[in-house]
Amino acid sequence: MAENTAVADGVAVQGDGENGGEGETPELDALGRPKPSRAEVLERRAKRRTAAESNPPTVVVDDLNIIYKIHGAGTGRGSATGALSRIVSRRTAPTIREVHALRGVSFVARRGESIGLIGRNGSGKSTLLGAIAGLLPPEPGGGVFTDGQPSLLGVNAALMPDLPGERNVIVGCLAMGMSKAEARRRYQSIVDFSGIEEANKHALSLPMKAYSSGMAARLRFSIAAARDHDVLLIDEALATGDAKFQARSEDRIREMRENAGTVFLVSHSMQSVRDTCDRAIWLDQGKILMDGDVDEIADEYEAWSKR
Amino acid sequence: MSDSAPVGIVVEVDLPPLPVDPEYAEVGGRGMAAKYNLKQSGARPPLFEYARLLWARRHFIITYATSINRALYSGAKLGQVWQLLTPILNVAVYYFVFGFLLGTNRGVPDFILFLVIGVFLFNFLQTAMVFGSRSISDNLVLIRALHFPRASLPLAATVIQLQQLAFSMVIVLIVALGTGQSLSWKWFLIFPVLCLQTMFNAGCAMLVARMGSVLTDTSQLLPFILRTWMYVSGVIYSIYSVISSHNLATWMKYVLQYNPPAVFISVVRNCIMTVPSKASATASAVAAAAKANPPVTSAAQIAKNAQTTYNGYVGSLASPSHAWIAMILWAVLVGVGGFVYFWKAEEQYGRG
């Protein structure tokens, strides 16, 4: 996308970067490693974006329209007899209201891209992820085409709330299609990555419903990240983690991107989007407002939201 | 910038035109999809491919079921003891009501064993369907986060109940040996029967899983349907005695006899229970005659009663002719039918 202007993007952003004011002493990230300098970051990003340009596409969103049908809006559940007769006659409820959540969205994502979706609440970011994951039926005429099956990581509760954390790890791995031996082999690295045992030694034997939202999010991300996904969709899933875990998971996202996957990230933290994504798409009222280099879009968005 | 911003607000920024992927501009979305062999997201795989994917997840299904089973009673003080206690109490309730209070056991030898087998086998079907109907809505997070053939979930619900049935069958064996049945080679026939019933139950579970995912009212309605089904399946009484003592239309007799749970239950009863000898029927008739008020003294009457008792014994264990063929047909029909029915809506689970 916009790859013919990629170099120009880089130059423009470099100008912006100077405003950031990098000092002589390298800053440290949450894991205590020196942050690469701004110029380095931009150079690598430009290189990646140019490389991604010629990669095969993983997600093609073609004139996508999503319309939610909201049942029983206004009059609650409706009368019992009315509901029964509707079920029998297979008519749809008269109280259905429609919300046009995505209006003609089109873009192409290629291997090795990491794309941040930004926009205010209700702009259609999560809907877009749901549609890419194949969980929402598109209106006829448009569609989403993907390479392999995308995995969606959301903010919602535990995977299997009644099972202890350790069973969640094993069963989750098996559900992703690993063999028993592979799941056992990956177990320790998943647990180590989640860092859950650092907080509480016995956490893994507790049912996952007892976890705090942050701990559950950590474990869920660790399980999903144990495999390389062709397309990974992350919906605010990292928002509840602490700074250290966020840094670690951002590392992992970069790694996946390097392994030729495509990562989509929905986040309200602009810093997180800037740190992990190369490209950003700004959605508003179900339409794409801007699409391009992450810094450029994030700057515009931030400038707009301050107004 | 707030959630309550009215629809129609204009974002006042000068926007550059949206960049367009050159390839997309050239061939369009469908063209690119065809060129790079991309699939419509969430489209369901063909039936045999789906079955293959499902087979590849067998370890997931079994491990998931085992884990759920282990976690099931972890909140209770008695813990895993409930695995055995639940079925025992279940039978105790039915025995109290139907054996003790109502005395339905007339004409059925070993009423306890008769009841235990019926209750456990029907309970297997009942719980598989109840949990199957909830398997999609209870696992939405899992469905949305990870990709796997969704039929794994109703199948796991069936496997969970199969594992619980294993505990119940231990009780059946104890009761059988305790009530004087002796181990015979026929006992091993219960394995193929249970395999067929598992297949039948899995089909039922997939059937209601799809219904439950669309119509959430299914799981409210199901217990009533299942209770009715139980009362017509000869769980607590002998179907034969109903057929022989009531004047039923022929088709109703067939429906009662070939009703799938009734077939499975009667065949398993036949495998484990043996019809008492004529001598024991006579002995019990003589004992009953002595107890009766006024005592029955006519030898012909006693012999007639003995014959009736014996017929009752035989009848209580009667299974319909060609029972094995019926079981195989039911298992294949419902198992495969349920699978296809579930697969047809594969792309819709977890939506909304």
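Protein chains get the first letters and strands the later ones, always in sequence-line order, with residue 1 at the start of each.
Heavy atoms closer than 4.5 Å to chain B are found in the side chain of A:I170, but not in its backbone. Both the backbone and the side chain of A:A175 come within less than 4.5 Å of a heavy atom of chain B. Looking at A:A131, the atoms closer than 4.5 Å to chain B (heavy atoms on both sides) all sit in the backbone: N, CA, C or O. In this structure, the portion of A:V61 lying under 4.5 Å from any heavy atom of chain B is its backbone and not its side chain.
Between chain B and the options A:D147, A:V171, A:I132, the largest number of non-hydrogen pairs under 4.5 Å is found for A:V171. Contact count versus chain B (heavy atoms, under 4.5 Å) is highest, among A:A133, A:A183, A:G177, for A:G177.
No hydrogens or angles considered: a donor-acceptor pair under 3.5 Å links the side chains of B:Y50 and B:E346. A:Y301 and A:E296 share no donor-acceptor pair across their side chains, judged by distance under 3.5 Å alone. With hydrogens and angles left out, the side-chain atoms of A:T127 and A:Y68 include a donor and acceptor closer than 3.5 Å.
Remark: B:L53 pairs with B:P45, B:E49, B:P149 by the side-chain contact (heavy atoms from CB on, under 4.5 Å) rule, at least two apart or across chains. Residues satisfying the salt bridge (charged side-chain N to carboxylate O under 4.0 Å, His left out) criterion with B:R134, sequence neighbours excluded, are absent altogether. Every residue two or more places apart in sequence or in another chain that forms a side-chain contact (heavy atoms from CB on, under 4.5 Å) with A:R227 is listed here: A:M176, A:M178, A:H229.
Of the residues B:N123, B:T198, B:N201, B:T127, the one that meets the side chain to side chain donor-acceptor pair (under 3.5 Å) test with B:Q161 is B:T127.
To the nearest 0.5 Å, the span separating CG on B:L162 from CG on B:L155 amounts to 11.5 Å.
The stretch residues 61-70 of chain B places B:T63, B:Y64, B:S67, B:I68 near chain A, each with some heavy atom under 4.5 Å from a heavy atom of that chain.
Although no hydrogens or angles enter the test, the distance criterion places a donor-acceptor pair under 3.5 Å between the side chain of B:S213 and the main chain of B:R210.
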